[in-house]
Amino acid sequence: MQQIDLLIHSAAQAATCAAPDGPKRGAALADAGLIHNAALAIHDGRIVEVGDSDALRARYTARQSIDAGGKALCPGLVDCHTHTVYGGDRVHEFELRIQGASYMEIMAAGGGIVSTMRHTRLASEEALVESATQRLDAMLALGSTTVEIKTGYGLDTAGELKMLRVIEQLARTHVCDIVPTFLGAHAVPPEYAGDAEGYCRLVIEEMLPAVAAWRQSSVFAETGAPCFIDVFCEDHAFDVAQSERILQAGLDAGLAAKIHVDQFHALGGLSMAARLGVTSADHLDVSRPDEIDALARTEAAGVPLPAATFNLGGHAYANARGLIERGVPLALATDLNPGSAPCPSLPLVMAIACRYQRLLPAEALNACTINAAHALALGDRIGSLEAGKQADVLILKEGDYRHLAYFFGGNPVETVIKRGSLVRVNG
Ligand code: NIG
Ligand code: FE
């Protein structure tokens with residue numbers, strides 16, 4: 001008998017999302033990697049074995065056992081695109097949109113991202129840590145065990161560094177794994193109104209060196225965690241040439257790259273991003289088929305953000321089926337932010353994607369686990385129930401993983417296990 005820390009046994013099924021050879025593409029996305037009558041052996045925070053419950057109970061003696069009681073297991077969810085740190089809210093703009101204003105009109109009139117910038121600049125680091133912690137707690141309760149967080153509401157060097165320090169503090173204190181992304185090029189701040197070029201120079205020449213220096217002495221350098229640069233490639237934000245210069249400068253500084261692209265207008269940024277070698281391209285609501293083909297020829301994940309499309313209304317969802325059929329490793333994320341997606345729930349994102357983007361529950365689950373892990377360059381550490389992976393595990397309230405997407409508006413997650421420790425039990 002092998003001695004281990006934890007055995008989770010008697011699960012009706014484990015949706016392992018196993019993918020030993022890289023992200024799931026095409027038909028592989030419809031395979032949840034099901035094991036029936038399943039158990040999970042965990043030691044030192046890692047998965048030792050996943051398999052038949054009776055076989056594992058005979059093989060291991062565990063210091064602690066959890067009887068999953070006929071419920072389903074799945075990997076901890078990975079939210080690979082969020083703006084969880086911000087000051088204030090945008091509930092006023094929510095009403096304006098109901099009355100007919102568009103997201104782009106509000107942004108062009110000086111609201112939107114720049115309005116959150118004002119609140120975020122004024123907020124103390126302590127206040128930002130506290131409000132973001134509450135959001136992360138909600139995300140954890142809904143099954144997210146790894147969360148990417150972007151800057152982009154400072155929009156000057158001091159403000160962006162303040163956001164990075166807040167993100168670092170969250171990484172030190174919160175049970176979720178946190179992945180930082182520098183999004184200095186999220187919007188042109190009022191000081192540079194009409195001078196996006198000048199602001200791009202500030203991002204490249206002043207902010208990026210400061211970000212690189214911060215990273216060297218941050219907790220993320222200690223853990224070898226990835227760190228990203230991102231840009232909002234869109235009308236009234238940054239054009240393709242500006243986006244390319246910023247992402248290339250970030251790559252040259254040792255960051256990995258992401259892009260907000262094709263949310264409202266297809267400007268050609270997606271093929272540029274594919275050429276540069278981004279780790280993920282996100283939004284993709286209006287992407288052109290030839291540019292999706294260019295993305296499919298790379299290693300990058302394609303990340304629709306259906307909660308943002310749902311929240312803003314008014315236009316079609318990203319063609320997630322087309323992304324799968326053309327061979328892009330599809331991932332999904334909440335995009336949690338105060339403007340386009342005030343939503344902490346990956347189960348709700350899955351619910352929307354199944355109904356409006358015609359994903360099967362297995363495709364939605366793989367998109368929120370193993371493929372989302374690859375969208376953060378963490379596919380070798382998290383995102384599936386496989387031997388050697390970090391033991392981030394959910395016990396669901398039902399015995400069939402499909403309830404994650406079928407049931408909506410509530411919480412289908414019962415228990416959250418992070419690095420082999422029980423961290424959350426929902427009533
Ligand atoms: O991903 N589109 C750009 N950025 C965010 C929105 C941020 C905001 O509105 O504050 C997004 O949707
Ligand atoms: Fe975003």
Side-chain angles (χ1 to χ4, degrees), residues 79-94 96-97 101-121 123 128 131-132 135 147-155 159 163 167 179-189 228-239 243 246 257-267 269-270 273 278 280-287 301-315 317-318 331-344 346 349 372 375-376:
D79 199 341
C80 64
H81 179 143
T82 89
H83 309 250
T84 300
V85 173
Y86 58 84
D89 63 53
R90 303 241 287 280
V91 72
H92 172 62
E93 292 178 11
F94 175 53
L96 292 179
R97 282 202 313 277
S102 75
Y103 182 85
M104 289 297 280
E105 283 162 2
I106 291 168
M107 182 165 127
I113 294 166
V114 164
S115 131
T116 298
M117 174 209 77
R118 289 193 199 95
H119 286 99
T120 307
R121 282 184 182 175
L128 291 171
S131 58
R135 291 173 203 128
V147 177
E148 182 258 19
I149 306 180
K150 301 176 196 296
T151 68
Y153 295 123
L155 305 184
M163 289 195 72
I167 294 169
V179 175
T181 295
F182 167 57
L183 178 56
H186 195 195
V188 179
F228 290 90
I229 185 160
D230 194 346
V231 56
F232 186 19
C233 182
E234 184 55 70
D235 283 353
H236 298 292
F238 301 93
D239 66 24
S243 299
I246 287 165
K258 291 178 167 288
I259 186 168
H260 285 68
V261 70
D262 298 348
Q263 184 179 10
F264 302 108
H265 302 96
L267 306 177
L270 185 53
V278 295
S280 78
D282 301 20
H283 280 295
L284 311 179
D285 298 64
V286 298
S287 292
V303 190
L305 304 165
T309 315
F310 170 83
N311 180 60
L312 297 180
H315 70 278
Y317 288 87
L332 294 168
T334 61
D335 196 17
L336 170 62
N337 75 75
S340 68
C343 171
L346 278 175
V349 165
L376 295 177

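As the structure lists them, so they are numbered: ligands from 1, and atoms in each ligand from 1.
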Please could you name the atoms of ligand 1 that [X] approaches to less than 4.0 Å, counting only its heavy atoms?
| X | answer |
| --- | --- |
| His81 | 1 (O) |
| Gly339 | 9 (O) |
| His283 | 1 (O), 2 (N), 11 (C), 12 (O) |
| Phe232 | 2 (N), 3 (C) |
| Asn337 | 6 (C), 7 (C), 8 (C), 9 (O), 10 (O), 11 (C), 12 (O) |
| Arg90 | 8 (C), 9 (O), 10 (O) |

To the nearest 0.5 Å, what is the distance between [atom1] ([X]) and [atom2] ([Y])?
| X | Y | atom1 | atom2 | answer |
| --- | --- | --- | --- | --- |
| Glu148 | Asp79 | CD | CG | 8.0 Å |
| Lys150 | Phe232 | NZ | CZ | 11.5 Å |
| Gln263 | Cys233 | CD | SG | 11.5 Å |

Please list, chain by chain and in numerical order, all residues satisfying side-chain hydrogen bond (donor to acceptor under 3.5 Å, both in side chains) with Thr120, sequence neighbours excluded. none
Among all protein heavy atoms in this structure, tell me which lies nearest to [atom], with the distance rounded to 0.1 Å.
| atom | result |
| --- | --- |
| atom 2 (N) of ligand 1 | Gln263 OE1, 2.7 Å |
| atom 6 (C) of ligand 1 | Tyr103 OH, 3.2 Å |
| atom 4 (N) of ligand 1 | His186 NE2, 2.9 Å |
| atom 11 (C) of ligand 1 | Asp335 OD2, 3.0 Å |
| atom 12 (O) of ligand 1 | Ser340 OG, 2.5 Å |
| atom 7 (C) of ligand 1 | Tyr153 OH, 3.3 Å |

Considering the Fe ion (ligand 2), could you give the total of protein N/O/S atoms lying closer than 2.8 Å?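 Total protein N/O/S atoms under 2.8 Å from the Fe ion (ligand 2): 4.
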His260 and Asp282 side chains, donor-acceptor separation under 3.5 Å: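 The answer is no; no qualifying pair exists.
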Has Met107 got any heavy atom lying under 4.0 angstrom from an atom of ligand 1? no
Does ligand 1 have an atom under 4.0 Å from some heavy atom of Ile113? yes
Check: [Y] main-chain N/O paired with [X] side-chain donor or acceptor under 3.5 Å:
| X | Y | value |
| --- | --- | --- |
| Asp335 | Cys343 | no |
| Thr334 | Leu346 | no |
| Lys258 | Ala375 | yes |

Is Glu234 touching ligand 1 with its side chain, its backbone, both, or neither, if touching means heavy atoms under 4.0 Å apart? neither
At a non-hydrogen distance cut-off of under 4.0 Å, which region of Tyr86 contacts ligand 1 (side chain, backbone, both, or neither)? neither
With a 6.0 Å cut-off (strictly less than), is the heavy-atom count around CZ of Phe264, excluding the residue itself, greater than 12? yes
Other residues, nucleotides, ligands: >12 heavy atoms within 6.0 Å of His315 NE2: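 For His315, atom NE2 is crowded (more than 12 foreign heavy atoms under 6.0 Å).
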Looking only at heavy atoms, which two atoms of [X] and [Y] are closest? And how far apart?
| X | Y | value |
| --- | --- | --- |
| Pro342 | Ser340 | CD-C, 3.9 Å |
| Phe228 | Ala257 | CD2-N, 3.9 Å |
| Gly339 | Asn311 | O-ND2, 3.1 Å |

Once the angle between the rings of His81 and His283 is folded into 0 to 90°, is it parallel (under 30°), tilted (30 to 60°) or perpendicular (over 60°)? perpendicular
